[in-house]
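Please read the structure below before turning to the comments.
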Amino acid sequence: MSRSRGRRLGAFVFLTPGLTYLVVLLLVPLALVLSYTVFQRGRFGGVVYEFTAENFERLVDPLYLDVVIGSLKIAAVTTVIALLAGYPTAYLIAQLPRKWKTIALVAIVLPFWTNFIIRVYAWIILLSGPGLVNSGLKVFGIEPLELLYNEGAIVAGLVYSYLPLMVLPLFAAIEKLDPQLREASANLGASGLTTFRKVTLPLTVPGVLTGSLFVFVPSFGNFVIPELLGGSKSLMVGNLIRQQFLSARDWPFGSTLALALIAVLLVLLVAQAWVARRA
Amino acid sequence: MSRSRFTRRLPAAVAVAGLALAVAACGGESSSSSDGTTVAAADQLKPDADLSKQSLQITVWDGYTPKELPQRVKEKLKVQDMKVALHATNEEAMNKLTAQGDSGVDVAFVSGQYAQALNAQGLLEPIHPELIPNLANLYPEATQLSYDKGNKYSVPYTWGTTGICYRTDLVKSKPTSWNDLLKPPAWAEKKVTMMTTERWLALPALKSLGYSVNTDKDEEITKARELLMAQKPHLLTYDDTTFGDKLVSGEAVMVEAWDGWCPTTDPKGNIAFAVPKEGSDLWVDTMVIMKSSKNKEAAHALINYILDPAIHSWAAENINYKVPNKAAMEKVKIAKGSLLDIPPARLLDGESIIDLGAASTKYTRLSADVQAK
């Protein structure tokens with residue numbers, strides 16, 4: 001009795017700081033944002049508390065729908081590329097001797113030690129018209145390519161920025177895998193590919209899903225990379241939301257767009273949880 | 001990203017996307033009056049008030065006034081204390097100033113349209129010219145600004161315009177018209193940039209079509225959209241912040257730019273600025289005194305002090321914006337190629353961008369539309 005009470009007290013003490021933080025700084029602002037979606041834009045900024053459904057009507061405007069669909073596409077392509085590049089990387093790291101494993105993992109998170117914006121700028125220096133890549137091509141007599149300010153550059157930047165978030169959960173999943181399972185599979189006559197398909201991959205699906213989600217979510221809402229590497233010539237949901245809040249003074253519509261973004265991500269999270277449980 | 005520069009200029013940017021017309025459009029909802037220029041009843045102020053019993057709180061963009069200003073004001077005006085709060089954008093300042101209750105702010109720096117909007121809400125103390133003898137330092141033109149003719153409730157701090165910034169060595173002919181940017185010649189193919197910040201995207205197209213930058217007519221905005229859509233495949237990028245760097249590197253040869261942002265003083269001396277013949281805009285950042293201020297004499301004294309040529313010239317020298325202060329500008333050493341010498345009369349040709357109220361969402365949609373397609 002007293003022991004269980006002690007445990008409950010302990011739980012209370014340990015959970016309170018984190019929960020308070022979440023409720024005050026996450027849930028309350030989120031509730032505010034959600035409440036704005038049904039009100040009107042204030043002429044001088046802010047919100048006029050008069051009910052309207054107009055924000056949701058605007059949401060289905062083909063223009064904004066196209067932006068949402070376009071962002072989904074870019075985020076999906078980014079995730080697939082990051083997965084294809086990240087899986088072999090994670091797999092190899094997991095096979096390394098302990099010392100090299102640590103070095104490899106540090107190398108993976110190393111880019112996070114530099115500011116995100118600076119790393120994106122580095123891509124501009126690489127890809128721009130008079131940039132490093134084109135100067136290199138010039139040596140071989142190849143005409144300068146238009147590498148920057150298009151969707152390809154956006155995807156390249158997103159993959160680069162979020163690849164570590166794919167590798168780390170994959171590494172965790174692959175490393176946990178009991179090597180004896182693969183040995184057993186080989187002993188029973190399965191080829192390397194079959195072992196991978198039938199043993200390794202199915203057992204690392206949760207890692208694949210977590211990594212994919214970690215890459216997809218920030219890619220979907222990103223607004224810095226489309227602006228810097230895409231030259232603002234294509235718009236993503238993040239840009240749209242930023243525009244509404246910072247330059248259009250349209251908080252209600254910005255909130256509605258944010259709600260749409262959250263809804264898409266919630267669906268994905270639920271799907272991930274569902275698949276992961278079945279895997 | 002040159003953030004500080006961005007936020008400093010954003011005032012004018014956002015401002016221009018500003019609030020002002022709201023005032024004229026809906027004078028009825030403000031307590032002051034219907035013509036939008038009438039000011040709230042003035043308080044009785046004493047020119048000989050004891051400033052040592054007053055302290056000042058101002059709100060201003062980061063880097064927009066000298067760092068040591070509070071110290072100097074305390075010494076010079078003998079006020080008890082002076083505190084400086086910063087805002088990144090006009091919107092932020094508006095939130096601060098229009099919140100319920102006393103904001104505690106005595107003097108605020110906001111763009112002209114926002115000053116107009118604040119006044120329409122009855123939040124500003126009329127300027128008492130007898131307490132600001134240095135108003136005489138202003139250019140005559142600076143008292144004829146469309147949002148506040150006669151400086152009834154605002155005093156201009158900086159001003160400027162928008163035009164085409166270009167590389168003299170990389171253009172085949174000098175740009176003179178917005179059409180040079182909208183329909184770039186072959187030598188400028190994929191080497192021009194445009195701004196997208198709200199109303200500036202539409203400005204070149206609207207001006208080239210002979211429309212007002214403040215139009216809310218759907219058919220005019222649609223015409224502008226057609227021009228902008230036709231232009232898009234020929235653009236290098238849309239760029240609101242780094243177009244100057246793109247010119248310097250040679251990636252771009254012509255860009256839509258605010259004058260203060262066009263790097264004409266680049267040591268290579270190959271960058272120039274042109275205001276197209278179809279006309280452009282005029283933006284003004286101003287100082288206003290809040291009705292709720294309990295230190296109005298000190299507030300006037302502060303504005304008077306800032307209008308002192310020795311202080312006001314700081315802005316031109318350090319943030320590279322023109323100041324509407326004749327005496328101050330005469331003090332400033334203008335570097336070769338600098339745009340600081342655009343004469344005030346030329347600036348006044350520009351049309352002030354004013355707030356369009358509900359219609360301003362049309363411009364947001366236009367920006368999103370042009371960028372997304």
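Chain naming here is simple, since letters A, B, ... match the order of the sequence lines and numbering starts at 1 in each.
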Q | OH-CG distance between A:Tyr121 and A:Leu126, expressed to the nearest 0.5 angstrom | A |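 A:Tyr121 atom OH to A:Leu126 atom CG measures 14.5 Å (nearest 0.5 Å).
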Q. Say you draw a straight line from CD1 of B:Ile221 to CG of B:Leu228; how long is it, rounded to the nearest 0.5 Å?
A.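 Spacing of CD1 (B:Ile221) from CG (B:Leu228) equals 11.0 Å.
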Tell me, side chain or backbone of [X] under 4.5 Å from chain B's heavy atoms, or both, or neither?
X: A:Asp61; value: side chain
X: A:Gln244; value: side chain
X: A:Phe253; value: neither

Q | Heavy-atom pair count under 4.5 Å with chain A, highest-scoring of B:Arg365, B:Lys232, B:Lys373, B:Lys190 | A |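 The option with the most such pairs is B:Arg365.
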Q. Which word best sums up how the rings of B:Trp261 and B:Phe243 line up, parallel for under 30°, tilted for 30 to 60°, or perpendicular for over 60°?
A.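 Tilted: the ring planes of B:Trp261 and B:Phe243 meet at 30° to 60°.
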Q: Mind ranking A:Gly230, A:Ser128, A:Gly129, A:Gly70 by heavy-atom pairs under 4.5 Å with chain B and telling me who comes out on top?
A: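 Sorted descending by pairs with chain B, the first entry is A:Ser128.
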Q.
Quick check against the 3.5 Å criterion: does A:Ser71 have a side-chain atom that pairs as donor or acceptor with the backbone of A:Phe220?
A.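 Checked: no pair found.
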Q. Is it true that the side chains of A:Tyr162 and A:Asn222 contain a donor and an acceptor less than 3.5 Å apart?
A.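 Per modelled atom types, A:Tyr162 and A:Asn222 side chains form a pair under 3.5 Å.
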Q) Side-chain donor-acceptor pair under 3.5 Å between B:Asp245 and B:Thr242, yes or no? A)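 No.
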Q: Below 4.5 Å from any heavy atom of chain A, which atoms of B:Lys246 appear? Answer side chain, backbone, both or neither.
A: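 Only the side chain of B:Lys246 comes within 4.5 Å of chain A.
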**Q.** Region of B:Asp369 in contact with chain A, defined by heavy-atom distances below 4.5 Å
**A.**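 For B:Asp369, heavy atoms of backbone and side chain both lie under 4.5 Å from chain A.
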